[in-house]
Amino acid sequence: MLKIFNTLTRKLEEFKPLHKNKVGLYSCGPTVYNYVHLGNLRAYVFVDMLKRYLVWRGYEVTHVMNITDVDDKTIRDSQKSGKTLKEFTDFYEEAFIKDLDSVNVRLPDVMPRATEHLEEMISIIRSLLEKGYAYKQGDSIYFSISKSENYGELAELSKQNLKENADQRLNVKDEYEKDSANDFVLWKGWKEEDGDVYWETEFGKGRPGWHIECSAMSMKYLGESFDIHCGGEDLVFPHHTNEIAQSEGCTGKHFVKYWMHNAHLLIEGQKMSKSLGNFFTLREIADKGYLPILVRIVLMKVHYRQNLNFTFVGLDEAQAIAKKILDTLIDLDFITATGENDFDAAGLVEGSRQKFLEAMDEDLNVSGAFAELMNLLAEVNRQIKRINPVQAKLLKEYLFELDGVLGFIRLIYDRYLVNLARVEKDSEIQEKIKQRLFFKSNKEYEKADGIRAELLARGILISDAPGDKYVLRLSYL
RNA sequence: GGCGGUAUAGCCAAGUGGCUAAGGCAACGGUUUGCAAAACCGUCAUUCCCCGGUUCGAUCCCGGGUGCCGCCUCCA
C-alpha cells in the first residue's frame with residue numbers, strides 16, 4: 001500500500017487515485033527568465049521520481065507541468081536584453097529542457113505555456129466575476145478571499161496571525177486598490193512598464209496574474225478534480241492556496257486530492273542567495289568536472305520533505321555510489337562461470353524487489369530503497385564467482401528495472417558501454433593492452449605497470465582478472 | 001510577532017516504546033593480487049541536542065529549552 005504525505009491534511013494517507021489506476025499529476029514548472037539552479041532542480045527531480053515510482057507501481061500517469069512565460073521578471077529581463085518576450089523566454093525554456101535531460105528527468109506529457117492559455121484563464125476569471133468571488137478595481141481584477149470559504153486551509157492560515165507586509169514586498173500602490181491586503185490579483189491592467197506585453201480582452205488591456213495560470217492549465221489537461229499537485233514548500237502559501245480558492249470558486253468542486261511539497265536545500269550549509277554567489281546552476285557543477293547526473297543522485301538521496309544540504313563532498317559520495325553500482329554491472333558482464341549452481345538469483349531479486357517497494361511505499365523512503373539496493377549489490381558481489389550468464393542477465397535486468405525509478409544507473413552504464421566500444425575500436429590502445437599482457441606474463445612488471453599508468457591517464461583502467469583475463473573499467477565519471 | 005519543520009557516528013542518512021540503532025562515504029586492519037583496481041571479511045553510536053514528565057522500560061510519546069531551516073503576497 002502506497003502512502004504519501006498530504007499537505008492538505010498534514011498526514012500520511014493511503015494513495016487512492018480518483019479514477020481506478022489513472023493518476024493526474026500537476027507540478028509547478030519554471031518561470032523561464034534564467035537558468036534553473038539546484039534548488040529548482042530538486043523540485044523537478046522529486047516529481048520525476050514520484051512519477052517514475054507511480055509508473056513502476058503500475059499506475060497510468062498523466063503529468064502536466066506549466067511554463068510561466070509571462071510575469072514581472074520575464075518582462076523586465078526581456079526588455080533589458082533587448083529581445084522580445086517570446087525570444088527571451090524561448091531561450092530559457094530550451095535551456096531548461098536541456099538541464100532536465102542532463103539529470104535524466106523525463107519530460108511531462110504536457111508542458112503548456114501560460115501565454116498560450118489566455119482563453120482558459122479569461123474564462124475562469126469571467127466565471128469568478130459572475131459568481132461574485134472577484135471584483136474589478138481600477139484596471140485590474142482581484143480575488144476576494146473573504147468570499148471564499150475555507151480560504152487558506154492548505155496553509156493552515158486560520159492558525160496564523162499574518163504579519164502585514166512581513167517581507168516589505170507589498171506594492172503600496174496595489175495596496176490602495178485592493179479591498180483587503182490579502183486579496184490577490186487575477187488580471188493585471190496594463191502599465192507603461194509592461195511595454196508591448198498585453199492582451200486585449202473583455203477586461204481591457206492587460207495580462208494574467210500568476211496563480212490563475214496554474215488553475216487554468218491544470219484543469220484544462222487534468223480535469224476540474226485531479227489526484228496530485230506538487231511544488232516547492234514555499235508555494236503552499238500563497239500560490240497553491242490561491243489556486244485552490246480560484247479553482248474551487250470557479251467549479252464548485254474539490255480541486256486536488258493530494259498536495260505534495262518538497263523541502264528546500266542549502267548550499268554548503270548556507271541559504272542560497274545572490275549575495276553569497278551560491279545559486280549554482282547545472283552548468284557550474286559540470287564546469288567543476290562533475291557529471292550532471294551525479295546531481296540527480298545527490299538531490300534524490302535525501303527524503304523530499306527533508307532539508308537537503310548540497311555539498312561537494314555529497315557530490316563525491318554520489319560519485320562513489322554510482323561507481324560502485326557500475327562496477328558490479330561490469331563484473332556481471334565479465335563473469336566466467338558457466339555451469340549450474342544452487343544460487344537462487346530469482347529468489348534474491350524477488351526479496352529485494354519486495355523490500356524496495358516497502359521502503360518506497362512509505363512516502364518515498366529513498367534511503368531505505370538505496371539501502372536495499374546496496375544490500376543486493378553486496379550479495380551479488382559475494383556470489384559473483386559462481387553466478388552464471390543466465391543469472392547475471394536476470395540480475396542486470398532487475399537493476400535496470402529499479403533504475404526505472406532511480407533514473408541514473410542505465411545512463412551511467414550506457415555511457416560506459418559507449419566509451420568501451422570506442423576503446424575496443426582503437427587499435428593503438430588495443431596494441432598497448434596486448435603489450436602489457438606480454439610484459440606481465442614475462443614478469444617485466446615495470447614495463448607492464450608503465451603501460452597501465454599510461455592508459456589510466458587516458459581514462460582506461462585495466463583490472464586484472466585470473467589468468468590472462470582483464471576487465472576494462474573506464475574513468476567514466 | 002504568528003505558524004511550521006528539524007536535531008541520530010568524522011560526513012551523508014534510515015529507523016523503532018523493549019531484541020545486533022539500516023545503508024552509504026571517509027578512515028583503519030585483514031583476505032585476494034607480482035603490484036594495483038574491484039570485491040570480500042573485520043573495526044568504527046554506552047548523553048540517538050539539553051532538561052523534565054508519562055511508562056516496568058524513551059532515541060522514539062508529552063512539556064519546556066537551545067541550535068539550524070522555512071512560510072507569513074508573485075520564491076522550488
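Within every chain, numbering begins at 1; the chains are lettered A, B, ... in the order of the sequence lines, protein sequences first and strands thereafter.
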* Asked: Roughly how far, to the nearest 0.5 Å, is CD1 of I412(A) from CD of Q319(A)?
  -> 9.0 Å
* Does N40(A) have a side-chain nitrogen or oxygen under 4.0 Å from the phosphate oxygens OP1 or OP2 of C75(B)? -> no
* With sequence neighbours excluded, tell me which residues meet side-chain contact (heavy atoms from CB on, under 4.5 Å) with K11(A). => T9(A)
* Any side-chain N or O of K301(A) less than 4.0 Å from the OP1 or OP2 oxygen of C25(B)? -> no
* Starting from P on U73(B), measure out to CZ on F237(A) and report it in whole angstrom. => 6 Å
* To do: Measure from the ring centre of H264(A) to the centre of the six-membered ring in the base of G70(B), then say whether that distance is under 5.5 Å and the planes meet at under 30°.
  => no
* Asked: In terms of side-chain heavy atoms, does D69(A) have a donor or acceptor partner in Y92(A) at a distance below 3.5 Å?
  -> no
* Counting only N and O atoms by type, is there a donor-acceptor contact under 3.5 Å from the side chain of Q391(A) to the main-chain atoms of N388(A)? -> yes
* Is the base of G24(B) touched by the side chain of E317(A) through a donor-acceptor pair closer than 3.5 angstrom? -> yes
Any protein N or O atoms within reach of nucleotides 39-42 of chain B? Criterion: under 3.5 Å, listing atom names and distances.
{"unit_1": "A39(B)", "atom_1": "O3'", "unit_2": "N381(A)", "atom_2": "ND2", "d": "3.2"}
{"unit_1": "C40(B)", "atom_1": "OP1", "unit_2": "N381(A)", "atom_2": "ND2", "d": "3.4"}
{"unit_1": "C41(B)", "atom_1": "OP1", "unit_2": "R382(A)", "atom_2": "NH1", "d": "2.6"}

* Asked: Want to settle it: does F184(A) or N262(A) sit nearer the 5' end of RNA chain B, counting the closest nucleotide to each?
  -> F184(A)
* Asked: What is the per-nucleotide protein-contact pattern of nucleotides 28-35 of chain B, from the 5' end, where B denotes a base atom under 4.0 Å from a protein heavy atom, S denotes such proximity for sugar-phosphate atoms only, and - denotes neither?
  -> ------BB
* **N/O (side chain, K271(A)) to phosphate O (OP1/OP2, G70(B)) under 4.0 Å** => yes
* Is the gap between the ring centers of F280(A) and F312(A) under 6.0 Å? -> yes
* Under a 4.5 Å cut-off applied to non-hydrogen side-chain atoms, are Y33(A) and S78(A) in contact? -> no
* **Nearest-Å distance once atom P is located in both G34(B) and C28(B)** => 24 Å
* Lys/Arg N to Asp/Glu carboxylate O, K355(A) vs E358(A), below 4.0 Å -> no
